[in-house]
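All of these numbers come straight from a predicted model, not from anything done at the bench. Side chains included, hydrogens not; waters and symmetry mates left out as well; all remaining heavy atoms used. For ligands, and for the atoms within them, numbers begin at 1 and follow the listed sequence.
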Amino acid sequence: MRAAAGEGTTAVGHVTRFAPSPTGALHLGHAFSAVHAARLARTSGGRFLLRIEDIDQSRCRPAHVEGIRADLGWLGLAPAAFPLLQSSRREAHRAALEALRQRGLLYACTCTRGRIEAAAAPHEGETIAYPGTCRGRAPPADGTPFAWRLDLAATGLPLTQQWDDLAAGPQMGRADPAGDPILWRKDDWPAYHLACVLDDAAQGVTLVVRGRDLASSTPLQRLLQALLGLPAPRYLHHRLLLAADGRRLAKRDRAETLAALRARGADGPALAARLTDLAPSGPDMALSLMDLLV
Ligand code: GLU
Ligand code: ZN
């Protein structure tokens, strides 16, 4: 029998992860995420893990995987285990999808992005919620490519989800900002949310540390964890680092990549120490490289 929380003598630390997509070079914002994930594992006596989220095969490049490993090594952040390549878990993802299909919770969607947008007539900057056009449909007999969507209403789970965020405090959000989510894509790869929750569980992640730009994904991910019978991890959504002029850091800003800093001979562990000293909570923070490197 399992001991109840708080019982026994072994305190178990946080298992955290850094889960970048190898679609570009890492920048300071990624380093901020990684150092805090590593710090929370280290200070609690837990484990810091790396997962390469390489399921979007059209956008991922092996060179970026190498870059991620080199950047973490340079920062002095050694994962506690061999990195998990998300693409290697595709059949496990498929098995979970199949179980949901057998429960009657999925439908085949043949809509194109253009068709969904035309039907929704969104205002500029608005998220387009999928209106459920294909709900109840089986895969087309004529071989038309389709995506599997989850029928959220059919799950019977609450669409409003709450969690106590370690950086942001009590949070509440809806699992359906985009309507019924795609769980399996037309290109025959799992969608981000499905792969993410299955892999967090497979890696034994107990604390998800990531930027607040991903907090809108959390209600749906919590719903999926409940649906799939996975343990619910805790969450810390940290503030974002901005460029000195207040813009969002983006993978396309070459000058701010960790690789560029490395090439200029910057001190990786010193940078990691400075980022560790910046609290993960609080307003988004514009900073110049000079502030961090001197
Ligand atoms: N792979 C995602 C990204 O690079 C992060 C996913 C996550 O941390 O849940 O933005
Ligand atoms: Zn559809």
Side-chain angles (χ1 to χ4, degrees), residues 16-27 29-34 36-37 40 48-56 59-61 64-65 67-68 71-72 83-87 89 106-120 128-140 144-152 165 167 178-186 189-203 205 207-222 224-225 233-238 240 248-251 258 280:
T16 64
R17 52 47 163 202
F18 177 51
S21 308
T23 55
L26 300 187
H27 55 61
H30 295 106
F32 191 58
S33 254
H36 281 289
L40 287 151
F48 166 64
L49 302 174
L50 174 62
R51 178 168 78 239
I52 306 289
E53 297 211 318
D54 60 343
I55 45 174
D56 194 345
R59 294 173 60 227
C60 295
R61 301 280 174 271
H64 295 312
V65 178
I68 289 164
D71 290 339
L72 288 184
L84 180 68
L85 276 187
Q86 188 156 66
S87 58
R89 298 246 317 137
L106 305 182
Y107 60 90
C109 171
T110 51
C111 297
T112 58
R113 186 184 286 269
R115 217 164 101 195
I116 295 166
E117 284 175 4
I128 304 130
Y130 176 67
T133 319
C134 299
R135 198 169 289 140
R137 287 196 193 151
T144 307
F146 66 95
W148 285 111
R149 286 192 190 262
L150 175 65
D151 186 338
L152 280 174
D165 197 285
D180 286 342
I182 289 178
L183 295 190
W184 204 270
R185 302 188 319 220
K186 275 186 193 171
W189 281 91
Y192 158 65
H193 296 295
L194 180 68
C196 182
V197 297
L198 289 169
D199 292 355
D200 280 337
Q203 289 186 288
V205 171
L207 172 60
V208 172
V209 177
R210 59 189 178 194
R212 61 166 56 126
D213 53 336
L214 283 166
S216 58
S217 296
T218 302
L220 174 59
Q221 293 187 3
R222 290 178 62 78
L224 289 174
Q225 286 150 1
R234 305 199 67 189
Y235 287 88
L236 186 157
H237 291 98
H238 59 74
L240 303 180
R248 284 280 288 275
L249 293 172
K251 282 178 174 169
L258 302 183

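With salt bridges taken as basic N to acidic carboxylate O contacts below 4.0 Å, one links Arg89 and Asp199. With respect to the salt-bridge test (charged N to carboxylate O, under 4.0 angstrom), the residues Arg212 and Asp165 do not qualify.
Close contacts between ligand 1 and Glu53 involve ligand atoms 1 (N), 2 (C), 5 (C), 6 (C) [criterion: under 4.0 Å to a heavy atom]. Close approach of ligand 1 to Arg210 is summarised as follows: ligand atoms under 4.0 Å from at least one heavy atom of the residue are 7 (C), 8 (O), 9 (O). Of all the atoms in ligand 1, the ones that sit under 4.0 Å from a non-hydrogen atom of Tyr192 are 6 (C), 7 (C), 9 (O).
Counting only N and O atoms by type, the side chains of Arg17 and Gln203 include no donor and acceptor under 3.5 Å apart. Side-chain atoms of Tyr192 and Gln221 form a donor-acceptor pair, as typed in the model, at a separation below 3.5 Å. Checked by atom type, the side-chain pair His64/Thr23 shows no donor-acceptor distance below 3.5 Å. Side chains of Arg210 and Thr218: a donor-acceptor N/O pair is present below 3.5 angstrom, by distance only.
In terms of polar-atom proximity, Ala19 is counted as a contact of ligand 1, with an N or O under 3.5 Å from an N or O of the ligand.
In this structure, Arg17 has a heavy atom closer than 4.0 Å to ligand 1. Heavy atoms of Phe18 come nearer than 4.0 angstrom to ligand 1 in no pair at all.
Counting heavy atoms closer than 4.0 Å to ligand 1, residue Val208 contributes nothing at all. The part of Cys196 lying near ligand 1 is the side chain, judged by heavy-atom distances below 4.0 Å.
Lys186 pairs in a side-chain contact (heavy atoms from CB on, under 4.5 Å) with only one of the listed residues (Cys109, Pro145, Cys111), which is Pro145.
When rounded to 10 degrees, the angle formed at the Zn ion (ligand 2) by SG (Cys111) and SG (Cys109) equals 110°.
Checking Tyr130 against the Zn ion (ligand 2), an N/O/S atom falls under the 2.8 Å cut-off.
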